[in-house]
Structures are given as C-alpha cells and as structure tokens.
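Have a look at the structure below, then the notes.
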There are 2 protein chains.
Amino acid sequence: MKLEVLLKGDHQTTQNQIIAKLRDLINLKNLEPGDKLPSERMLSEKFEVSRSNIREAIQLLEFYGLLKSKPQSGTFVADIGQVAMNGMIDDILALGDPDFRALVETRILFELKTVRLAAQRRSEADLESIKNALEAYKEKVLNCENAVQEDLLFHLAIAKASGNSTMNTFMLMITPKIITDFEKYHVCDKGQAQKGITEHQEIFEAIQKQDTQLAKEKMKIHFGALYQYCYNTKE
Amino acid sequence: MKLEVLLKGDHQTTQNQIIAKLRDLINLKNLEPGDKLPSERMLSEKFEVSRSNIREAIQLLEFYGLLKSKPQSGTFVADIGQVAMNGMIDDILALGDPDFRALVETRILFELKTVRLAAQRRSEADLESIKNALEAYKEKVLNCENAVQEDLLFHLAIAKASGNSTMNTFMLMITPKIITDFEKYHVCDKGQAQKGITEHQEIFEAIQKQDTQLAKEKMKIHFGALYQYCYNTKE
DNA sequence: TTTAAAAAATTGGTTAACCAATCTGGTCAG
DNA sequence: CTGACCAGATTGGTTAACCAATTTTTTAAA
C-alpha cells in the first residue's frame with residue numbers, strides 16, 4: 001500500500017520525486033549556471049514518467065527562477081550555483097501547505113507595509129479606486145449584507161496603490177485563501193458593522209492625507225480584532 | 001500588426017485573453033461560488049484556442065485560489081463571490097513583472113520580520129542549520145571566493161526557522177530573482193568581506209540568544225548598505 | 001411509483017504523434 | 001583557410017487521440 005498518498009495527493013508526490021531526481025541529476029552531471037539540461041524526452045525516459053510530468057516539474061522550477069526553458073532550444077539552469085540550487089530545491093520539497101496562522105501573520109505584515117507605501121505614493125487614480133471600493137463596502141454593510149468581498153477589494157486596492165508589484169502579487173495570492181476560511185463572517189451586528197466602516201474610513205483618510213504613520217496606526221487598529229480572533233480560535 | 005506582442009510574450013498575451021474571457025463568461029452566466037464551469041473541451045472550442053491553453057489558464061487561476069478543478073468531474077469556481085472574482089482577475093491581468101526596487105523592498109520587509117520570528121521560535125535544529133550555513137559562508141569569504149550562494153542560504157535558513165511557511169515560500173520566490181541581478185558582487189575587498197562576516201555572525205548570535213529586538217537591529221544594519229546601494233544605482 | 005442497478009455520456013488527466021523554430025555539422029565557393 | 005550557407009537532427013511547444021473515474025440517464029424489478 002502506498003504510504004505517501006495518505007498525506008499528500010499522488011500528483012504532488014510524483015512531482016516532488018521528479019524534482020528530487022532533477023536535483024540529483026544536476027549534481028551528478030555537475031551542471032553549472034547556463035548549462036543545458038537533457039531534453040524533456042530523455043528525462044521522461046530516464047525517470048520513467050510521462051513527458052507532461054517532466055514539463056510540469058520544470059515549469060515549477062522555472063516559476064521559482066531555478067530553470068529557464070527556451071523554445072526549440074532547451075532548458076537551462078539559471079544563474080545560480082549548485083550550492084544554492086541544492087539548498088533551494090530542498091526547501092521547495094520541504095514546503096507544506098500554509099497554515100492559517102502563517103497566512104494571517106503574513107497578511108498583517110503586508111498590510112501594515114502596503115498601507116504606508118500607499119499613503120506615500122498613491123496617485124489620484126489610486127485614491128479614486130480606493131474610494132470606490134470603500135463606498136461599495138459601506139453600501140453593502142449598511143444594507144446588512146455580507147461584505148466580505150468588498151472588504152477584500154478595499155484592501156487589494158490599497159496594495160495596488162502601494163506601487164510595489166511584488167507585494168501586490170503576494171497579497172493576491174494569500175487573500176482568497178484567508179477569505180474562504182472566513183465565511184463565518186456574516187453576522188449583522190450593527191455596532192460591529194459601524195466599527196468596520198469607521199476603521200476603513202479612517203484608513204482611507206490617512207492615505208488621502210498622505211500621513212504614513214497615521215495610516216499604519218489605523219490599519220493596526222483595524223487588524224487588532226482579527227489578530228486576536230485568529231490566535232484565539234485557531235490552534 | 002499585433003501591437004500587444006511588443007511588450008509581452010505572445011504566450012502571456014493569449015493567456016491573459018483567455019483569463020479575461022473566463023471572467024466575462026462567469027459574469028455572463030452568472031456563476032456563483034461552487035458552480036461548475038463548462039468543460040475544458042467546450043471552452044477551447046468556444047474561445048478558439050487549444051485545450052492546453054485553457055488548462056494552463058485554469059491552473060493559474062487555481063493557483064490564485066479562484067478556481068478548483070476536480071478530476072473526472074469538472075472545474076468549479078471557489079468560495080469567492082462575483083465581485084471579488086472580478087476584482088481579483090482584473091488585478092491579476094494588470095500584474096506586471098516585478099521591478100528590482102519592489103523585490104528589494106519586499107525582501108527587506110520579509111527579512112526584518114523572519115529574523116524576529118526566528119529569534120522567537122527557532123528550534124535547536126533550526127539553530128544548527130543556520131550555524132552550518134554561516135560556517136559555509138565564512139569559509140568561502142575567507143578564501144576570497146564568491147559567497148553569494150552561501151549568503152543566500154544563510155538568509156533562507158533564517159526564513160525557514162521563522163516557522164512561517166508562507167513567508168518561507170515567498171522568500172524562496174524572490175531570492176533567486178534578486179541574486180541573478182546581483183552577480184556583480186564578486187569583489188574581494190578584505191574589509192567589506194570581514195564586515196559581512198561580522199554582521200552575519202551577530203545576527204546568528206542574536207537568534208541564538210532569542211533576543212528578537214537585537215536580531216532585528218542587526219538585520220537592519222546588515223541591509224543598510226544594500227538598501228542604499230539599490231536605491232542609488234537602480235532607477 | 002419507487003428505487004436500485006447498469007449502461008451511456010462526460011469529465012479532467014495522460015499519452016503519443018506532430019510542428020515549426022533552432023541548433024549543429026559539414027560543404028563549397030571565394 | 002575562411003566564412004556563408006544548406007540539410008538533417010534536436011528542441012520545446014502544440015494538437016489530437018486515448019484512459020479511467022465520475023456523473024447522468026435509462027431501465028427494470030419490487
């Protein structure tokens with residue numbers, strides 16, 4: 001009986017095996033930055049897996065910047081030495097699914113930074129779209145409807161206004177995972193709702209005034225409850 | 001003549017077009033969380049693109065947590081409402097390649113946090129692997145060899161010790177991109193090298209002592225030069 | 001009418017054949 | 001001897017056929 005299937009999906013397992021084999025191959029053949037990997041066909045034959053599996057593994061390593069495949073030419077190891085290559089692949093193989101605490105922790109770190117950057121760099125257009133998101137949020141809340149989505153979009157608008165595409169991307173990656181864990185949200189406590197609106201409003205105004213310190217403070221307050229909530233209920 | 005090809009690769013372009021069409025379809029058909037998308041075959045026919053293109057687009061949206069495809073069953077929209085779905089897809093389509101400033105900015109944010117978390121949570125095993133990375137780094141530097149890789153692995157070991165898998169993953173994503181932009185590193189200035197060793201050593205000791213504040217301070221010092229360097233030379 | 005079993009259709013995943021761009025080695029004109 | 005050029009092999013990417021699991025429909029027995 002396959003033991004490895006119990007925890008992770010079969011797919012992920014074979015994927016990781018291929019990645020490990022690729023690492024070993026790079027070590028064995030002493031491939032250095034810029035060198036060419038064997039062709040996908042050869043690899044699929046050598047590893048006894050389908051070519052699409054090979055392609056998928058290469059794509060993942062390419063996503064992490066460790067490989068670079070050029071059409072009709074070959075797949076090449078990036079400008080990263082063997083030591084780093086080994087270390088990084090080992091880390092990638094050891095990666096587990098992110099737990100909820102890690103997600104929230106990361107989100108708070110990001111939000112406290114992006115709100116400062118947004119206050120500092122926001123254009124008029126940024127301000128406009130944040131305001132729109134805020135209005136949409138208000139309307140939903142006042143109608144006592146579930147406003148999780150509008151809440152989310154408000155925060156993403158801030159991330160976009162931060163002018164840092166990397167943080168923006170990462171925010172996009174983690175937010176839906178958090179949201180889906182949070183659908184328990186829909187309680188229409190009038191006081192709580194009004195509090196949410198006020199906090200969002202204050203964050204917006206701080207960004208508008210370009211007061212970075214105030215923006216950070218207001219965001220901290222806004223997350224205070226969430227922070228407590230998560231650490232108390234989850235694990 | 002195709003204008004859109006000038007900036008981005010053809011591949012990325014068609015990919016984005018498919019994603020936009022998927023968004024429009026979800027809006028048109030009024031698909032709600034949990035609803036099933038048309039099959040890949042139908043989509044490829046309807047959009048007049050190959051099925052592999054469709055699959056790739058779906059995989060990307062799945063990566064961002066917006067879709068979920070079940071084998072032999074279908075692809076479903078995640079537990080995210082239409083408003084959020086639209087907003088997020090628009091953001092994803094607007095994503096550009098990260099610039100160097102954004103990368104460095106994000107890295108510094110991460111490192112200042114992970115070093116604190118590492119100081120707080122590191123196990124003995126974590127400490128051991130950080131120490132090993134430090135020793136490897138020292139040896140290379142003292143031999144006046146290029147130690148960029150060992151430098152990198154030291155920082156990744158700290159990220160791993162932070163106990164936050166999300167931040168660890170993100171660090172893995174951005175680090176190689178930074179490294180490749182930094183191969184200009186290989187100057188053997190004895191003073192500079194000794195400084196690097198000292199800084200790393202001090203960070204390690206702070207983590208060992210579990211002094212979170214000190215760890216953060218030492219990391220800040222370590223990045224001081226880099227920060228200046230990047231902002232002065234690049235754009 | 002109800003329900004359970006079975007068969008037909010549909011699905012995402014996998015495999016194999018195919019394509020056009022690229023690289024390689026040799027050839028031949030100068 | 002040099003360099004431009006051409007043919008064949010090699011490459012990642014694309015397309016189409018196939019598979020096994022799942023879902024839906026049909027059917028027949030209670």
Side-chain angles (χ1 to χ4, degrees), chain A residues 1-2 4-6 8-19 21-22 25-26 29 31-78, chain B residues 1-2 4-6 8-19 21-22 25-26 29 31-78:
Chain A
M1 181 188 180
K2 294 180 185 176
E4 73 266 24
V5 183
L6 294 179
K8 302 192 169 188
D10 195 14
H11 189 70
Q12 173 115 24
T13 307
T14 61
Q15 200 74 342
N16 280 359
Q17 285 173 353
I18 293 175
I19 291 176
K21 283 180 182 172
L22 278 174
L25 182 78
I26 291 175
K29 287 205 163 188
L31 295 183
E32 298 190 359
D35 285 355
K36 194 168 80 170
L37 252 61
S39 73
E40 296 179 351
R41 289 169 180 78
M42 288 186 190
L43 289 174
S44 82
E45 189 179 350
K46 191 177 178 66
F47 295 169
E48 291 178 335
V49 293
S50 74
R51 192 154 87 95
S52 25
N53 285 142
I54 296 282
R55 299 194 92 242
E56 232 172 313
I58 288 178
Q59 275 176 28
L60 185 69
L61 260 35
E62 204 173 349
F63 174 78
Y64 280 102
L66 299 182
L67 297 179
K68 178 68 186 170
S69 76
K70 296 182 182 176
Q72 280 75 40
S73 174
T75 302
F76 303 84
V77 323
Chain B
M1 180 188 179
K2 294 180 186 178
E4 72 267 25
V5 183
L6 294 179
K8 302 192 169 188
D10 195 14
H11 189 69
Q12 173 114 23
T13 309
T14 61
Q15 199 76 341
N16 280 0
Q17 286 172 353
I18 293 175
I19 291 176
K21 283 180 183 174
L22 279 175
L25 182 77
I26 291 176
K29 288 205 163 188
L31 296 182
E32 299 190 358
D35 285 354
K36 193 168 81 171
L37 251 61
S39 73
E40 295 179 351
R41 288 169 179 79
M42 288 186 188
L43 288 174
S44 82
E45 189 180 348
K46 189 177 179 66
F47 295 168
E48 289 177 337
V49 293
S50 74
R51 191 152 89 94
S52 25
N53 285 142
I54 296 282
R55 298 194 95 241
E56 231 172 314
I58 287 178
Q59 275 177 27
L60 185 68
L61 260 35
E62 204 174 347
F63 175 76
Y64 280 102
L66 299 182
L67 297 178
K68 177 67 186 171
S69 76
K70 297 180 183 178
Q72 280 75 39
S73 174
T75 302
F76 303 84
V77 323

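Chain A is the first sequence line, chain B the second, and so forth, proteins listed ahead of strands; every chain is numbered from 1.
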### Message
Without decimals, in angstroms, what is the distance between M42(B) CE and dT10(C) P?
### Response
7 Å

### Query
What nucleotide among dT11(C), dT15(D), dG13(D) has an atom nearest to a side-chain atom of N53(B)?
dT15(D)

### Query
For the side chain of S44(B) and the backbone of R41(B), is there at least one donor-acceptor N/O pair under 3.5 Å apart?
yes

### Message
If you count every heavy atom of other residues, nucleotides or ligands that lies below 6.0 Å from E45(B) atom CD, does the total exceed 12?
### Response
no

#### Entry: Distance-only donor-acceptor check, side chains T13(B) and N16(B), under 3.5 Å
no

### Message
If I take atom CD in residue Q72(B) and atom P in nucleotide dT11(C), what distance separates them, rounded to the nearest angstrom?
### Response
12 Å

### Query
Between the base of dG12(D) and the side chain of R55(A), is there a donor-acceptor distance below 3.5 Å?
no

### Query
Taking only N and O in the side chain of T75(B), is any of them less than 4.0 Å away from OP1 or OP2 of dG12(C)?
yes

#### Entry: Whole-Å distance separating the CD atom of E40(A) from the C1' atom of dT11(D)
8 Å

#### Entry: First encountered from the 5' end of DNA chain D, between S50(B) and R41(B)
S50(B)

### Query
Between dT11(D) atom C1' and F76(A) atom CZ, what is the distance in whole Å?
9 Å

### Query
Taking atom C1' of dT14(D) as reference, at what distance in whole Å does atom CD of Q15(B) sit?
14 Å

### Message
If I take atom CG from residue L25(A) and atom CZ from residue F47(A), how far apart are they, to the nearest 0.5 angstrom?
### Response
5.0 Å

### Summary
Of the listed dG12(D), dT11(D), dG12(C), the closest approach to the S69(A) side chain comes from dG12(D)

### Query
Checking all strands, does S52(A) fall into the base, sugar-phosphate, or nothing category for heavy-atom contacts under 4.0 angstrom?
base

### Query
For K21(B), does the NZ atom sit with more than 12 other heavy atoms under 6.0 Å from it, leaving out its own atoms?
yes

#### Entry: Gap between atoms CZ and P, on R51(B) and dA16(D) respectively (whole Å)
11 Å

### Task
Measure from CD on E48(A) to C1' on dT15(C) and round the result to the nearest Å.
16 Å

### Query
Rounded to whole angstroms, how far apart are CG on L43(B) and P on dG13(C)?
13 Å

### Query
Distance check: side-chain N/O of S73(A) vs OP1/OP2 of dT22(C), anything under 4.0 Å?
no

